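Accompanying notes for the structure given below.
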Amino acid sequence: MDLKEENKRIRMMRIVVDLNLQEIATDPKITLESALNQVEAVKNFVLSLFPEKEDVFELVLRPRFMRIINERFLINKEFKDEM
């Protein structure tokens, strides 16, 4: 893969990851189940661009998604329950 093509794939990956992170963080209608399904869909997309890079996804991107999901569905729920 030449450098130009790799850079294009990286840009596509960043856009998809960022849009999905934003949606999970802000969409009031999203459920925990659908958020987790989105993570898997993004993983499949990333692996279609970069086969054999599952370990990188698990080390770099999944923790970003899980942090947002934990903040959105676990911490916020605890605060609401205390009110």
Side-chain angles (χ1 to χ4, degrees):
M1 176 179 354
D2 68 345
L3 188 57
K4 188 174 182 178
E5 177 65 25
E6 185 171 352
N7 285 335
K8 180 180 175 183
R9 290 179 185 204
I10 290 170
R11 280 192 311 278
M12 288 172 53
M13 179 193 68
R14 285 182 179 163
I15 290 168
V16 168
V17 167
D18 290 344
L19 288 173
N20 280 276
L21 284 168
Q22 185 69 22
E23 182 178 1
I24 291 169
T26 62
D27 183 354
K29 296 179 183 176
I30 196 167
T31 64
L32 176 58
E33 182 180 359
S34 62
L36 293 172
N37 288 337
Q38 265 185 259
V39 174
E40 292 308 308
V42 171
K43 177 183 175 179
N44 290 334
F45 176 75
V46 169
L47 292 178
S48 75
L49 295 174
F50 301 100
E52 301 177 20
K53 294 295 183 180
E54 184 173 359
D55 56 336
V56 175
F57 181 89
E58 297 298 333
L59 289 171
V60 177
L61 295 176
R62 186 175 299 276
R64 288 179 64 194
F65 279 102
M66 295 314 296
R67 185 179 70 248
I68 297 295
I69 289 171
N70 285 333
E71 289 173 3
R72 172 78 190 272
F73 294 100
L74 301 178
I75 294 173
N76 288 340
K77 184 180 183 312
E78 290 174 10
F79 286 131
K80 287 179 184 175
D81 289 346
E82 291 176 7
M83 295 176 140

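Every value quoted in this text rests on a predicted model; they were computed, and no experiment measured them.
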Just how far is it from atom CD1 of Ile68 to atom OG1 of Thr26, taken to the nearest 0.5 Å?
-> 10.0 Å
If you measure from CG on Asn44 to CG on Leu49, what distance do you get to the nearest 0.5 Å?
-> 11.0 Å
Same cluster (ILVMFWY, side-chain, under 4.5 Å), Ile10 and Phe65 = yes
Main-chain N/O of Ile30 paired with Ser34 side-chain donor or acceptor, under 3.5 Å = no
Under a single-linkage definition using a 4.5 Å side-chain heavy-atom cutoff for Ile, Leu, Val, Met, Phe, Trp and Tyr, are Leu47 and Leu59 assigned to the same hydrophobic cluster?
-> no
Does some side-chain heavy atom of Leu61 sit less than 4.5 Å from a side-chain heavy atom of Val42?
-> no
Arg11: which of Arg14, Lys8, Met13 passes side chain to side chain contact (heavy atoms under 4.5 Å, CB included) | Lys8
So CG of Asp2 and CG of Asn7: to nearest 0.5 Å the spacing works out to 9.0 Å
For the hydrophobic clusters of this structure (ILVMFWY residues joined by side-chain heavy atoms under 4.5 Å, transitively), does one cluster hold both Val17 and Met66?
-> yes
Measure the spacing between CD1 of Ile24 and CZ of Arg64 and express it to the nearest 0.5 Å.
-> 11.0 Å
Does Phe50 offer a backbone N or O that forms a donor-acceptor pair with the side chain of Arg9 under 3.5 Å?
-> no
Find the distance between CD (Gln38) and CZ (Phe45) and round it off to the nearest 0.5 Å.
-> 13.5 Å
Measure from the side-chain N and O atoms of Arg62 to the backbone N and O of Lys43, and report whether any donor-acceptor pair falls under 3.5 Å.
-> no
Least distance between heavy atoms, Arg72 atom then Pro28 atom = NH2-CA, 3.5 Å
Determine whether Met12 and Val16 fall in the same hydrophobic cluster, where Ile, Leu, Val, Met, Phe, Trp and Tyr are linked whenever their side-chain heavy atoms lie under 4.5 Å apart.
-> yes
Phe57 reachable from Ile15 in the ILVMFWY side-chain graph, under 4.5 Å edges = no
